Novice: 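Before I ask anything, here is the structure I am working with.
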Amino acid sequence: MGGSGWVGSWSRDSVLQRRRRSAESYAALDLGTNNCRLLIAEPAHVGFRVVDAFSRIVRLGEGLGLGNHLSGDAIERTIEALRVCRDKMEAKDVRRARLVATEACRLARNGQDFIERVRSDLDLELEVVDRQTEAYLAVTGCASLADPSAESIVIFDIGGGSTEIAWLDGKAGDAHSDPCHRIRAWDSLPAGVVTLAERHGGVNVTREVFEGMVSEVTELLRDFAQTAAKASHARGFHLLGTSGTVTTVGGIHLGLPRYDRRRVDGLWMRDREITSVIDRLIDTSLEERAAQPCIGRERADLVLAGCAILEAIRRSFPSDRLRIADRGLREGILMNMMREDNVWRQESQR
């Protein structure tokens, strides 16, 4: 199937029967190093309408920063989250799904064993995507938030085990055009919030420790920064970030009493505003970070590693504007499946 069709135990005949009688629901699952996320949606006149969603921190890649083996506890946590996702897809009568796994499964010695366990226990087919595919899906998922007048942007996705980054050159097309045609350079850095925090420590992060993380990521960025050196000189250039790190920075900046996607997705932040939030976080203890409603205890030891990656990108590509996207791989997967099925062309012909 190549990950592009519905993956479950139904026969071909039953799938065709489901397609005739049900709404055209699509599902996209992103199993990362830190999170398991599911999005179920139906095509709309422009884009799609979300009908269900699920997100759980599973820390599948826990320990990968120090080794290359998925732990038993991490596997069990993830299996339980995937079981919830399977049940939701069944309940919503999903027509077509794509379920992708990223850095943790790419790196781990027992990654394939885990994939087989998921297939055996849950009858779900996880597709381990390569780094280029991951980068392109991230671009597809959030490029619609780019300033339409910008002639160059740098998009990045800070993950748990890796960070994807791409330079898009030229003006955007219409709402349904593929933004990947604008990609002039991309890279996948072997540094994410989990792996970086495990290497440097995420509990007691001094400014010296923070700068050490920034220096490591800056070095990893060097080749991409040289290739995309002209990006920041183009008219309207800005950064566009998607990840828990940037949405957290946005939520803290807004002073939200609890995280609110509607207020954060699409938020513009100025360079000085980002610096202010990062400086405040560096000066906090683990307990203070855990008490912050836009962080929480499960991510308190990871947020500064994410900020270090963000800081390295900002220093490599100076810009007074960053747009924050609470969208990414799942949205990219959905857009691609619907584009492949010509759903918007069919809609326009009705």
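The model shown is predicted, which means the values in this text are computed figures rather than measured ones.
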Novice: Is there side-chain contact between Ser316 and Arg222, with heavy atoms separated by less than 4.5 Å?
Specialist: no

Novice: Answer yes when Glu216 and Arg199 have at least one side-chain N-carboxylate O distance shorter than 4.0 Å, and no when they do not.
Specialist: yes

Novice: Do Thr133 and Asp130 have a side chain donor and acceptor closer than 3.5 Å?
Specialist: yes

Novice: In the single-linkage hydrophobic clustering (I, L, V, M, F, W, Y; side-chain heavy atoms under 4.5 Å), do Ile153 and Val139 co-cluster?
Specialist: yes

Novice: Of all the heavy-atom pairs spanning Ala308 and Phe210, show the shortest one and how long it is.
Specialist: N-CE1, 3.5 Å

Novice: Would Leu239 and Val217 show up in the same hydrophobic cluster when neighbours are defined by side-chain heavy atoms closer than 4.5 Å?
Specialist: yes

Novice: If we ignore hydrogens and angles and just use 3.5 Å, is the side chain of Arg77 paired with the main-chain N or O of Arg59 as donor and acceptor?
Specialist: yes

Novice: Between the main-chain N or O of Glu116 and the side-chain N or O of Ser120, is there a donor-acceptor pair closer than 3.5 Å?
Specialist: no

Novice: Thinking salt bridges, do Asp30 and Arg98 make one under a 4.0 Å N-O criterion?
Specialist: no

Novice: With heavy-atom distances below 4.5 Å as the criterion, would you say the side chains of Asn110 and Ile75 are in contact?
Specialist: yes

Novice: Return the CG to CD distance between Leu137 and Gln132, rounded to the nearest 0.5 Å.
Specialist: 10.5 Å

Novice: Hey, does Ile165 have a side-chain heavy atom less than 4.5 Å from the side chain of Ile313?
Specialist: yes

Novice: Check step by step if side-chain hydrogen bond (donor to acceptor under 3.5 Å, both in side chains) holds for Thr227 and Arg184.
Specialist: CA-CA 9 Å; Thr227 302; Arg184 296 293 175 265; over 6 Å; no

Novice: Output the distance between atom CZ (Arg323) and atom NE2 (His238), rounded to the nearest 0.5 Å.
Specialist: 7.5 Å

Novice: Measuring from Met338:CE to Arg96:CZ, what's the distance to the nearest 0.5 Å?
Specialist: 10.0 Å

Novice: Got a salt bridge between Arg117 and Glu76, using NZ or NE/NH1/NH2 to carboxylate O under 4.0 Å?
Specialist: yes

Novice: Any side-chain heavy-atom pair from Leu310 and Ile278 closer than 4.5 angstrom?
Specialist: yes

Novice: Does the side chain of Trp186 come within less than 4.5 Å of Trp167's, by heavy atoms?
Specialist: no

Novice: Is it true that Glu273 and Arg270 make a salt bridge, defined as a side-chain N closer than 4.0 Å to a carboxylate O?
Specialist: no

Novice: Anything under 30° is parallel, anything over 60° is perpendicular, the rest tilted; go ahead and classify Phe317 against Phe237.
Specialist: tilted

Novice: Let me confirm one number: the OG-NZ distance from Ser152 to Lys171, rounded to the nearest 0.5 Å.
Specialist: 13.0 Å

Novice: Measure from the side-chain N and O atoms of Asn35 to the backbone N and O of Arg37, and report whether any donor-acceptor pair falls under 3.5 Å.
Specialist: no

Novice: Quick check: do Cys85 and Phe54 have side-chain heavy atoms less than 4.5 Å from each other?
Specialist: yes

Novice: At what distance, to the nearest 0.5 angstrom, does CG of Leu122 lie from CG of Leu82?
Specialist: 6.0 Å

Novice: Check whether the side chains of Asn336 and Tyr136 place a donor and an acceptor atom closer than 3.5 Å, and report yes or no.
Specialist: no

Novice: Do Leu322 and Leu304 belong together in a cluster built from hydrophobic side chains that touch within less than 4.5 Å?
Specialist: yes

Novice: Could you tell me if Ser149 and Asp147 have a donor-acceptor pair between their side chains, going purely by distance under 3.5 Å?
Specialist: yes

Novice: So, for Gly241 and Val246, which heavy atoms are closest and what is the spacing to 0.1 Å?
Specialist: O-CG2, 3.4 Å

Novice: Decide yes or no for Leu189 and Asp187: does some side-chain heavy atom of the first lie under 4.5 Å from some side-chain heavy atom of the second?
Specialist: yes

Novice: Does this structure show an ion pair linking Arg207 with Asp279, if we count only N-O contacts that are shorter than 4.0 Å?
Specialist: yes

Novice: Would you tell me whether Glu164 and Ser162 have side-chain atoms, one donor and one acceptor, within less than 3.5 Å of each other?
Specialist: yes

Novice: Do Arg289 and Leu302 come within less than 4.5 Å of each other through their side chains, counting heavy atoms only?
Specialist: no

Novice: From the options Ile295, Thr248, Val264, Leu254, select the one residue that forms a side-chain contact (heavy atoms from CB on, under 4.5 Å) with Tyr259.
Specialist: Val264

Novice: Using a strict threshold of under 4.0 Å (side-chain N to carboxylate O), is an ion pair present between Arg297 and Glu288?
Specialist: no

Novice: So if you build clusters from Ile, Leu, Val, Met, Phe, Trp, Tyr with side-chain heavy-atom gaps below 4.5 Å, do Phe156 and Val249 land together?
Specialist: yes

Novice: Throw together a table of side-chain donor-acceptor distances under 3.5 angstrom for residues 99-108, partners on residues two or more places apart or in other chains.
Specialist:
{"unit_1": "Thr102", "atom_1": "OG1", "unit_2": "Leu31", "atom_2": "O", "d": "3.4"}
{"unit_1": "Glu103", "atom_1": "OE1", "unit_2": "Arg106", "atom_2": "NE", "d": "3.0"}
{"unit_1": "Glu103", "atom_1": "OE1", "unit_2": "Arg106", "atom_2": "NH2", "d": "2.6"}
{"unit_1": "Glu103", "atom_1": "OE1", "unit_2": "Arg131", "atom_2": "NH2", "d": "3.3"}
{"unit_1": "Glu103", "atom_1": "OE2", "unit_2": "Arg131", "atom_2": "NH2", "d": "2.7"}
{"unit_1": "Arg106", "atom_1": "NH1", "unit_2": "Val129", "atom_2": "O", "d": "2.8"}
{"unit_1": "Arg106", "atom_1": "NH1", "unit_2": "Glu134", "atom_2": "OE1", "d": "3.0"}
{"unit_1": "Arg106", "atom_1": "NH2", "unit_2": "Glu134", "atom_2": "OE1", "d": "2.8"}

Novice: Can a salt bridge be assigned to the pair Arg182 and Asp169 using a cut-off of 4.0 Å between side-chain N and carboxylate O?
Specialist: no

